[in-house]
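Take a look at the structure set out below.
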Amino acid sequence: MIKKVPKFQSSKYVWFDLNTSPKELRLDTLRCGQSFRWQSVQDHWVCTLGEQLYLLKESAHSVFYGVPEDEAKNSKLVKHMDQTLRDYFQLELLSLEKAYERWSRLDTNFKTKAIHFQGIRMLRQDPWENLICFICSSNNNITRISQMVHKLCIHFGSKIATLDDTDYYGFPTLASLAEEGTESKLRQLGFGYRAKYIAQTAQKIKKEHPEQQEAWVADLRKLSYEETKQTLITLPGVGPKVADCICLMSMDHAEAIPVDTHVWQIAARDYGFGNKQNKTLTTVLYNQIGDHFRTLFGEHSGWAHSVLFSAELKGFEKRLALDSIEHSIVETPDTLDRKKQRIK
DNA sequence: CGATTACCTGTGGT
DNA sequence: AACCACAGGTAAT
């Protein structure tokens with residue numbers, strides 16, 4: 001008996017050009033703590049968006065998306081995928097290259113960091129998915145958050161495609177997470193105290209907005225930044241920081257500045273916000289830090305903040321060190337190699 | 001309003 | 001090998 005699941009071979013893909021450039025978009029964007037769902041498979045990236053599996057890869061000049069060979073002539077599908085990705089990466093919203101230039105003029109610290117982190121855009125994520133994923137993120141590390149989100153999809157989502165013997169699932173619906181038993185199931189899966197938050201948030205929205213459910217979350221896009229943030233905070237497991245993440249990453253509020261432990265560290269170390277040691281991040285301080293970056297960077301300040309944040313991430317600090325060696329002219333090839341070895 | 005504490009779990013460092 | 005700090009915080013007191 002053969003399973004009737006579409007089986008794709010990575011070699012049998014036709015690659016379409018998203019027609020962008022590294023200064024506008026680099027796929028590092030997929031691993032800098034915005035989405036926890038993209039998987040890095042060999043030289044490309046895989047994730048489901050909506051009901052469709054997306055494969056991405058980048059060259060030195062642009063980004064490409066893969067369409068199964070037997071569907072590549074379905075121009076309606078290709079057009080839909082193209083449109084979905086342009087919206088997801090917000091390619092039409094602003095020129096990142098020009099924004100980087102502006103932020104670099106305004107702030108020398110940004111300029112220093114940005115050289116090593118080109119093409120980091122803000123993704124425009126699905127609001128419901130974004131909400132649940134960032135409830136998972138509280139007091140947690142990116143590795144485990146990614147594993148948890150993956151488990152959410154496997155255990156509560158539906159299978160969308162199989163590629164090279166790996167199954168890919170969509171993000172679970174609100175209804176599926178609002179079901180009885182979700183909390184204990186999530187507890188068993190290692191979600192800890194976030195299990196209750198997820199179950200309660202799903203149940204609360206289902207109960208208060210039975211006709212809309214996920215659409216209710218998406219419709220928050222119609223509200224102002226402050227209204228959206230305050231509404232989100234009423235949900236279990238959503239505080240100021242998580243609410244700001246959602247405002248920035250899926251609610252079109254580019255002025256939202258999530259202040260987490262890293263951003264606080266940056267503010268304290270590079271922007272004169274005193275010493276992080278022996279101090280608590282009060283509501284007032286949280287807002288002061290946000291206001292500082294909003295004033296400093298102006299339009300789309302949340303995007304600039306995200307570049308600084310990326311430079312702070314564990315997985316990226318190595319590259320920053322490597323890059324700074326590469327760019328240094330005084331190094332002889334010999335000492336250059338030795339320094340690289342030391343970093344690895 | 002500010003400060004403190006409990007809350008789950010896995011990982012990486014000593 | 002056991003131990004400990006920490007991770008994109010939130011809620012309760």
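First the proteins, then the strands, lettered A, B, ... as listed; each starts at 1.
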* Structure fact -> So the contacted stretch of DNA chain B, first to last nucleotide with an atom under 4.0 Å from a non-hydrogen atom of chain A, runs from B:dG2 to B:dG10
* Pairwise 5' ranking along DNA chain B for A:Gly192 and A:Leu285, keeping only the more 5' one -> A:Leu285
* Structure fact -> Assign each of A:Ser138 and A:Thr143 the nucleotide of DNA chain B bearing its closest heavy atom; nearer the 5' end lies the nucleotide of A:Ser138
By the 4.0 Å heavy-atom rule, please label [X] as base, sugar-phosphate, or nothing.
{"X": "A:Gln265", "value": "nothing"}
{"X": "A:Arg194", "value": "base"}
{"X": "A:Cys133", "value": "nothing"}
{"X": "A:Gly33", "value": "base"}
{"X": "A:Val284", "value": "sugar-phosphate"}
{"X": "A:Phe134", "value": "nothing"}

* Asked: Between A:Asn141 (CG) and C:dA7 (P), how many Å, whole number?
  -> 9 Å
Rounded to whole angstrom, note down the [atom1] distance from [N] over to [M].
{"N": "B:dA3", "M": "C:dG8", "atom1": "P", "answer": "24 Å"}
{"N": "B:dC1", "M": "C:dG9", "atom1": "P", "answer": "23 Å"}
{"N": "B:dC8", "M": "C:dC3", "atom1": "P", "answer": "22 Å"}
{"N": "B:dT11", "M": "C:dA1", "atom1": "C1'", "answer": "16 Å"}

Exceeds 12 heavy-atom contacts within 6.0 angstrom, atom [atom1] of [X]:
{"X": "A:Lys196", "atom1": "NZ", "result": "no"}
{"X": "A:His209", "atom1": "NE2", "result": "yes"}
{"X": "A:Glu226", "atom1": "CD", "result": "yes"}

Would you tell me whether [X] and [Y] have side-chain atoms, one donor and one acceptor, within less than 3.5 Å of each other?
{"X": "A:Asp244", "Y": "A:Tyr225", "value": "yes"}
{"X": "A:Arg221", "Y": "A:Thr228", "value": "no"}
{"X": "A:Ser21", "Y": "A:Glu24", "value": "no"}

* Once the angle between the rings of A:Trp128 and A:Phe171 is folded into 0 to 90°, is it parallel (under 30°), tilted (30 to 60°) or perpendicular (over 60°)? -> perpendicular
* Asked: Parallel, tilted or perpendicular: which fits the ring planes of A:Trp303 and A:His300, with parallel below 30° and perpendicular above 60°?
  -> perpendicular
* Are A:His292 and A:Tyr271 close enough that their ring centres sit under 6.0 Å apart? -> yes
* Asked: Is a donor-acceptor contact shorter than 3.5 angstrom present between the side chain of A:Lys241 and the base of C:dG9?
  -> no
* **Residues A:Asp82 and A:Lys79 bridged, charged N to O under 4.0 Å** => no
* Test: A:Arg102 and A:Glu299 ion pair at under 4.0 Å -> no
* To do: Using the salt bridge (Lys or Arg N to Asp or Glu O under 4.0 Å) rule, take A:Lys23 and A:Glu101 through it: C-alpha gap first, then chi angles, then the decisive distance, then the call.
  => CA-CA 11 Å; A:Lys23 288 194 172 178; A:Glu101 284 171 7; over 6 Å; no
Give each protein N/O atom lying under 3.5 Å from an N/O atom of nucleotides 11-13 of chain C, with the pair distance.
| from | atom 1 | to | atom 2 | distance (Å) |
| --- | --- | --- | --- | --- |
| C:dA11 | OP1 | A:Gly237 | N | 2.9 |

* Structure fact -> Those stems involving DNA chain B that have three or more consecutive Watson-Crick or G-U pairs, both distances under 3.5 Å, are B:3-7 with C:9-13, B:9-14 with C:2-7
